[in-house]
Colleague: 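Here's a structure for you.
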Amino acid sequence: MEVSGTQLGLAVLGIVLLIVGLIVGYRYYLHSKADGLKEKHSGDQGSSKLAARVKYPEVNAFNLSGPLFKFGLATALGLTLLALSWTQYEKPVYIPDDALLLDEEIEIEPPRTAEPPPPPPPPPPPVIEEVPEEEILEEEEPEFMDQSVEEETIIDEPEPVVEEAPPPPPPPPPPEPGVEEIFKVVEQMPRFPGCEDIGGSNQEKYDCAQKEMLNYIYKNVKYPAIARENGIQGRVVVQFVVEKDGTITDARVVRDIGAGCGEEALRVVNSMNSMPQKWTPGKQRGKAVRVQFTLPVSFKLQ
């Protein structure tokens, strides 16, 4: 037998009202019979002290001790049965089928800067001036050189041209002191808490953690009222860094659909730091490292 919370509350309220009604009714019954009992038993002398212990037998409340005891047992048994049959139903969480699918590569839009000034106007075309004939010099006839080769002529072999190799590229700049590298792909990706105690390989734990993460996201996300009223739906993409201790930092929205959806997705991601357990950090060569995580959050009207 399954009993919902509403049914259990109504049953307990009904039993309480029944008990209060029985008490009030029995008190009214005893008061109605108590009138005139003092004069009726004024001259009675009990035959024994045991018989005289009840002054007015007509209103003896102990006469119903047996039925009341059985009623109490039945009430306690009924309440126990209702408590054991109480079933609390959880609201089903809707998770889209393509919740973790990214359609295209996420590109961060660069901030808009001031437009550069327009280029200067082109220079005016040159003016062609006519040169008088007196200034035209007569061109000298070209001098021809004899380039014939005879048998006795010795021809020197030209030296081979050696092409110099391009210089090697400069080495990457050293990392800034105190700032550790953030990876995007590592040997063991970060995992949402809740699946570390189950048996299996790292891949099985990772798949379980993905399901737990989606269940947490879509259980806590609230569709913004402005977006619902205007029929706005789509996918918001949030990027954050899972630190070496499992905390979430540098959470930001890299793709937004507006109407408060980006702020809501960011709120749910930041709320992961308030969970009892932290993320399992990513590992590279057995060492915990900082990993950037990209999470899409879908907003769909139902």
Side-chain angles (χ1 to χ4, degrees), residues 90 93-111 165-222 234-256 261-299:
E90 294 185 0
V93 179
Y94 171 72
I95 301 177
D97 298 333
D98 55 348
L100 293 176
L101 180 63
L102 292 175
D103 299 334
E104 55 187 13
E105 189 70 20
I106 303 299
E107 295 182 359
I108 302 177
E109 183 180 358
E176 298 181 5
V179 178
E180 298 185 8
E181 183 180 0
I182 299 177
F183 296 84
K184 292 186 177 180
V185 179
V186 292
E187 297 174 353
Q188 179 179 320
M189 294 294 291
R191 295 194 294 259
F192 189 82
C195 297
E196 297 304 313
D197 296 335
I198 65 172
S201 61
N202 288 332
Q203 184 62 37
E204 293 175 349
K205 292 182 180 180
Y206 179 77
D207 296 338
C208 174
Q210 294 293 86
K211 295 179 182 178
E212 291 293 331
M213 180 186 64
L214 292 177
N215 186 68
Y216 176 85
I217 290 293
Y218 290 97
K219 184 178 180 180
N220 292 278
V221 72
K222 298 179 181 179
R235 181 169 297 174
V236 175
V237 180
V238 181
Q239 281 186 348
F240 54 91
V241 176
V242 181
E243 299 290 341
K244 295 191 294 184
D245 59 350
T247 57
I248 303 299
T249 60
D250 195 22
R252 53 200 172 98
V253 179
V254 297
R255 181 189 297 170
D256 195 0
C261 294
E263 291 80 359
E264 177 62 18
L266 192 62
R267 180 192 68 81
V268 176
V269 170
N270 287 326
S271 68
M272 296 179 183
N273 287 328
S274 302
M275 297 187 302
Q277 298 179 351
K278 302 297 183 182
W279 278 60
T280 301
K283 292 184 179 181
Q284 182 73 8
R285 297 179 181 177
K287 182 181 179 182
V289 293
R290 307 174 68 197
V291 182
Q292 186 182 66
F293 201 94
T294 303
L295 175 65
V297 181
S298 298
F299 289 85

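Hydrogens, waters and symmetry mates play no part in the numbers below; they use all other heavy atoms, side chains included. Since the structure is predicted, the reported quantities are computational estimates derived from the model, not experimental observations.
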Colleague: Mind listing the closest non-hydrogen atom pair of Gly246 and Val242 along with its distance?
Modeller: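 Answer, listing the atom of Gly246 first, then Val242: CA-CG1, 4.3 Å.
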Colleague: Could you measure the distance from the CE atom of Met189 to the OG1 atom of Thr280? Nearest 0.5 Å is fine.
Modeller: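 Output value for this atom pair is 13.0 Å.
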Colleague: Distance check, rounded to the nearest 0.5 Å: Leu295 atom CG versus Ile248 atom CD1?
Modeller: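 Leu295 atom CG to Ile248 atom CD1 measures 9.5 Å (nearest 0.5 Å).
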Colleague: Run the side-chain contact (heavy atoms from CB on, under 4.5 Å) check on Val236 and Glu263 step by step: do they pass?
Modeller: CA-CA 10 Å; Val236 175; Glu263 291 80 359; over 6 Å; no
Colleague: Could you pull out the closest heavy-atom pair between Val221 and Tyr218, with the gap in Å?
Modeller: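 Closest pair (atom of Val221, atom of Tyr218, distance): CG1-CA, 3.8 Å.
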Colleague: Kindly indicate whether the side chain of Arg290, heavy atoms from C-beta on, has any atom under 4.5 Å from the side chain of Lys244.
Modeller: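 Result yes, sub-4.5 Å side-chain heavy-atom pair found.
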Colleague: Run the side-chain contact (heavy atoms from CB on, under 4.5 Å) check on Lys222 and Glu264 step by step: do they pass?
Modeller: CA-CA 7 Å; Lys222 298 179 181 179; Glu264 177 62 18; 3.7 Å; yes
Colleague: Nearest 0.5 angstrom please: Glu212 CD to Lys205 NZ, how far?
Modeller: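 If I round to the nearest 0.5 Å, the distance is 14.0 Å.
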Colleague: State, with a plain yes or no, whether a side-chain heavy atom of Val269 is found less than 4.5 Å away from one of Gln239.
Modeller: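 In short, these two side chains do not touch, never coming nearer than 4.5 Å.
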Colleague: Restricting to non-hydrogen atoms, name the atom on Arg255 and the atom on Arg235 that form the minimum distance, rounded to 0.1 Å.
Modeller: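 Smallest heavy-atom distance, with atoms named: CD-O, 3.9 Å.
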Colleague: When rounded to the nearest 0.5 angstrom, what distance separates CZ in Phe240 from CG in Asp250?
Modeller: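 With rounding to 0.5 Å, CZ (Phe240) is 11.0 Å from CG (Asp250).
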Colleague: Which atom pair, heavy atoms only, marks the closest approach of Ala251 to Asn270?
Modeller: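 That closest heavy-atom pairing would be CB-OD1, 3.5 Å.
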Colleague: Is there a side-chain contact (heavy atoms from CB on, under 4.5 Å) between Val268 and Tyr216 once you walk through the steps?
Modeller: CA-CA 9 Å; Val268 176; Tyr216 176 85; 4.2 Å; yes
Colleague: Between atom CD of Gln188 and atom CD of Gln203, what is the distance when rounded to the nearest 0.5 Å?
Modeller: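 Going from the CD atom of Gln188 to the CD atom of Gln203 covers 11.0 Å.
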Colleague: Within this structure, what is the NZ-CG distance for the pair Lys211 and Asn215, rounded to the nearest 0.5 Å?
Modeller: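 Lys211 atom NZ to Asn215 atom CG measures 11.5 Å (nearest 0.5 Å).
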Colleague: Please determine whether the number of non-hydrogen atoms from other residues, nucleotides or ligands lying under 6.0 Å from atom NZ of Lys278 exceeds 12.
Modeller: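 Counting other residues, nucleotides and ligands, NZ of Lys278 exceeds 12 neighbours.
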Colleague: Could you pull out the closest heavy-atom pair between Glu187 and Gly286, with the gap in Å?
Modeller: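 Heavy-atom minimum between the residues: OE1-N, 4.4 Å.
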Colleague: What are the two closest heavy atoms between Gly262 and Val253, and how far apart are they?
Modeller: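 Closest pair (atom of Gly262, atom of Val253, distance): O-CG2, 3.5 Å.
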Colleague: When the ring planes of Trp279 and Phe293 are compared, do they come out parallel, tilted or perpendicular, using 30° and 60° as the limits?
Modeller: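 Geometry flag for Phe293 against Trp279: perpendicular rings.
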